[in-house]
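To start, the structure under review is shown below, and the notes come after it.
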2 protein chains.
Amino acid sequence: MDFEHADALNQAIRLLSLRHRARAATLLAPLGLHPGQEVLLLELARTGPMIQAQLSEALGCEPPSVTLMTRKLEATGHIRRRPAPSDKRASVVELTDSGSALADRVKQLWCALAEETVTGLPAETVAELPGILNALTGNVDTRRPRHSPGRRQAPAAEPRRAGRVDRSGEPAGDGADG
Amino acid sequence: MDFEHADALNQAIRLLSLRHRARAATLLAPLGLHPGQEVLLLELARTGPMIQAQLSEALGCEPPSVTLMTRKLEATGHIRRRPAPSDKRASVVELTDSGSALADRVKQLWCALAEETVTGLPAETVAELPGILNALTGNVDTRRPRHSPGRRQAPAAEPRRAGRVDRSGEPAGDGADG
DNA sequence: CGAATAACATTATGCGCATAACGTTATCCG
DNA sequence: CGGATAACGTTATGCGCATAATGTTATTCG
């Protein structure tokens, strides 16, 4: 691939990143949220309570990012953190009632954002987009090299399955052991 | 669009952003560069000396970002900043020799990154990607609303044309007046 | 001409990303 | 059992992004 084409592609990705994120920021601001926080709320809404390590895995970001985001969202009362019952290293994160309500609003603006993003594109293209983009992501994913199980992938598969924390709090312990 | 599809798309964009940028970071690190700085060097290499306002416009980011990046790249000797001859508000940014050499290396890794990104995708899809991604970007671009000339777009078109600074230094003044 | 407005670069601050390092807890294995 | 290793969350730091504010300079317009 020559430089012109390479540049066109990389720049296209970069600009989409910037603008999509900025647009999300605009939509999230009235909810008092910053880009990055919304996916954390959505993940908790989808999966239920989980420990922070599982969150960082699910979100595809590093633990310190989750630490800071959960700290802030806890401060605003949208999530709650409590020690995992059977693992003193871990803390379970869950949505509060206000957090659940907020997640519902995030879902709405998330739909609006996606619709806005694909406006004017053929339905066929729209349907293929997630797959294409995920393929690109897989190609450059240094955390999960292609065709390589990697150490990181094996643990990811297990905690995610066991990560669903029952309200009784007991499976949380098992999840943290995973 | 229902939430599931919207989520799939938004998450795909988000993850691509994170991973592509992280991969770029890995490739840029040996050159002592951080993601974001490379496009500044590439722009100067492509267009030649320009004032910072033009740079921020070309890169699609805000002026303070350019201020800090140019400051750092000047500190490492890769660019040079000098006052614009006919506008005391502006400063002209240009590559040094080491900056030009560095830009050449960035071009190489930029090609490698792009090739890595599209590995395994049909050539037809690859050819369409920049266009598709740019369409998405245009849809969510709050700085250049679709179908709206906008105040911002008018000035952008002019300085960019006149922004090409001749080595004589005189057109720079004209550019800054734009 | 001069007040009003706009442009330029900068500083301050906040944000989510990252890496590096750390202390505590849990697990593994000889 | 106990040393080695791994996992967890946290703190510190750096980075490019953003917005808000600022001071200086340039342009506009009555």
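Order of the sequence lines fixes the chain letters, A, B, ..., with proteins taken first and strands second; residue numbering starts at 1 for each chain.
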State whether [X] places a side-chain N or O below 4.0 Å from either non-bridging phosphate oxygen (OP1 or OP2) of [N].
X: B:Arg14; N: C:dC17; value: yes
X: A:Thr67; N: D:dT11; value: no
X: A:Lys88; N: D:dC8; value: no
X: B:Lys72; N: D:dG16; value: yes
X: A:Gln52; N: D:dT10; value: yes
X: A:Gln54; N: D:dC8; value: no
X: B:Arg143; N: D:dC17; value: no
X: B:Arg71; N: D:dG16; value: no
X: B:Arg21; N: C:dG16; value: no

When you check the gap from the basic side-chain N to the acidic O, do A:Glu43 and A:Arg46 get nearer than 4.0 Å? yes
State plainly whether the residues A:Arg23 and B:Asp141 are in salt-bridge range, i.e. N to O under 4.0 Å. no
Listed nucleotide nearest any side-chain atom of B:Ser65, set D:dA18, D:dT11, C:dA18: D:dA18
Nucleotide of C:dA18, D:dC17, D:dC8 approaching A:Ile51 most closely (side-chain heavy atoms): D:dC8
Is it the case that atom CG in A:Asp97 sees more than 12 heavy atoms from other parts of the structure closer than 6.0 Å? no
I'd like to know whether CZ of A:Arg81 has more than 12 heavy-atom contacts from other residues, nucleotides or ligands below 6.0 angstrom. yes
Positions of residues 34-41 of chain B (non-hydrogen atom under 4.0 Å from DNA chain D), listed by number: B:His34, B:Pro35, B:Gly36, B:Gln37
Has A:Ser91 got a side-chain atom pairing as donor or acceptor with A:Arg82's backbone, closer than 3.5 angstrom? no
Which residue, B:Thr70 or A:Met69, contacts DNA chain C at a nucleotide closer to its 5' end, judged by nearest heavy atom? B:Thr70
Answer with yes or no whether B:Arg89 presents, from its side chain, a donor or acceptor under 3.5 Å of a partner atom in the base of C:dA7. yes
